[in-house]
Amino acid sequence: MSTALPAPSPPPGVPSEPPSVAASERLRSLRRTGLSIGVATGLYGISFGALATASGLDVWQAMVLSAVMFTGGSQFAFIGVLGGGGSALGAALAASLLGIRNTLYGVILAPSLPRGGWRGPLRAHLTIDESAALAASGTTTEEKRTGFWAAGVWVYVFWNLFTLVGALAGQHVADPGAWGLDAAAAAAFLALLWPRLRSGEAVAVAVAAAFVALVTTPALPPGLPVLAAALVAVIAGLLPRRSPEVRG
């Protein structure tokens, strides 16, 4: 049995850092991270605003989508279906499907965030990938709340600001694809998806869903291939899973 050595004492005249100071620095770090996330995510709003006006929406309609819907994946799906000639119902279904994940985030974050008063509806509106991720990085309730509000508020501010910039610019751009704005949207989806593919099962489901979407795109109206691909994940989730073998 070994005896642990005592932790070294700070040099004479150098006070140790109180826990409150470390906690405050951690909260400031989360706020700075929330700001940087807001700027980086908000830049994709330029792509959304330009593609929204190119798909037939005016500036105010694009702004309403960003302010009210406020979930990038659903917004890109919505204008993608409309721009491809799909119906408003198909666009709404595709957008709603991608927005379901925010409900799951809300369930996970509920114990740490207020549900009543005026902050309840605001919290629900700001529950997105970025705010949920930064909240999850916290180790205490205060850190979780700070991370959530820092990312949620700054993403909202910059997403709407850059949506306006993109929508105004899109009125003067005949083909957003020529500027790479359509590729920016696809890159955002890949950046969101790639870190989640950590297991062979997840990779298999993603490949199968992509194959279904590719096959059904020529045959189904715009918006429905997304729903067909989603059924792959639903079916995979309903299938019984094999328990790991116990080796002696």
Side-chain angles (χ1 to χ4, degrees), residues 4-49 63 66-76 98-99 101-166 184-185 187-198:
L5 297 175
S9 302
V14 179
S16 59
E17 187 180 64
S20 58
V21 174
S24 298
E25 178 57 33
R26 173 63 177 165
L27 295 181
R28 285 193 292 269
S29 176
L30 286 170
R31 295 187 183 101
R32 291 192 297 267
T33 302
L35 175 59
S36 62
I37 290 175
V39 175
T41 304
L43 287 172
Y44 286 109
I46 298 177
S47 176
F48 170 74
M63 291 302 301
S66 283
V68 177
M69 184 179 289
F70 186 53
T71 171
S74 296
Q75 292 178 228
F76 278 116
L98 291 175
R101 70 188 189 281
N102 294 338
T103 303
L104 302 178
Y105 295 153
V107 173
I108 296 173
L109 295 173
S112 304
L113 297 171
R115 283 170 283 182
W118 63 272
R119 289 191 178 184
L122 182 59
R123 188 210 73 170
H125 194 56
L126 297 181
T127 300
I128 54 176
D129 298 298
E130 293 79 10
S131 60
L134 193 56
S137 70
T139 56
T140 66
T141 298
E142 186 177 11
E143 289 181 3
K144 291 179 184 295
R145 292 181 177 180
T146 299
F148 174 86
W149 292 113
V153 169
W154 283 120
V155 170
Y156 188 84
V157 169
F158 286 107
W159 180 260
N160 283 275
L161 174 63
F162 286 117
T163 293
L164 177 60
V165 173
F189 279 123
L190 288 176
L192 177 64
L193 175 64
W194 188 258
R196 301 173 188 270
L197 301 180
R198 298 178 179 177

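Since this is a predicted model, take the numbers as computed values, not measurements.
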Residues passing the salt bridge (Lys or Arg N to Asp or Glu O under 4.0 Å) test with Arg119, sequence neighbours excluded, are none
Could you give the distance from CE (Met63) to CG (Leu164), rounded to the nearest 0.5 Å?
5.0 Å
Val68 to His125 - nearest heavy-atom pair and separation:
O-CE1, 2.8 Å
I'd like to check Thr41 versus Phe162 (side-chain heavy atoms, cut-off strictly below 4.5 Å). Are they in contact?
no
Would you say the side chains of Trp159 and Gln75 form a donor-acceptor pair under 3.5 Å?
yes
Ile128 versus Tyr105: any side-chain heavy-atom pair under 4.5 Å?
no
Decide yes or no for Thr141 and Arg145: does some side-chain heavy atom of the first lie under 4.5 Å from some side-chain heavy atom of the second?
yes
Any residue meeting side chain to side chain donor-acceptor pair (under 3.5 Å) with Thr127, in chain and number order, not counting sequence neighbours:
none
Quick one: does Lys144's side chain get under 4.5 Å of Leu113's, heavy atoms only?
no
Do the non-hydrogen side-chain atoms of Leu126 and Trp149 ever get within less than 4.5 Å of each other?
yes
Between Tyr156 (side chain only) and Ala67 (backbone N and O only), is there a donor and an acceptor less than 3.5 Å apart?
yes
Close side-chain approach of Arg123 and Phe148, heavy atoms under 4.5 Å:
yes
If you compare all heavy atoms of Asn102 against all heavy atoms of Asp129, which two are closest, and at what distance to 0.1 Å?
OD1-N, 4.3 Å
Once you measure the plane-to-plane angle for Phe48 and Phe76, does it fall in the parallel (<30°), tilted (30-60°) or perpendicular (>60°) bin?
perpendicular
Heavy-atom side-chain contact between Ser112 and Leu109 under 4.5 Å:
no
Evaluate the side-chain proximity of Leu30 to Ser137: yes if any heavy-atom separation is below 4.5 Å, no if none is.
yes
Could you tell me whether the side chain of Ser36 and the main chain of Thr33 form a donor-acceptor pair under 3.5 Å?
yes
Heavy-atom nearest pair, Ser131 first then Ala151, reads CA-CB, 3.7 Å
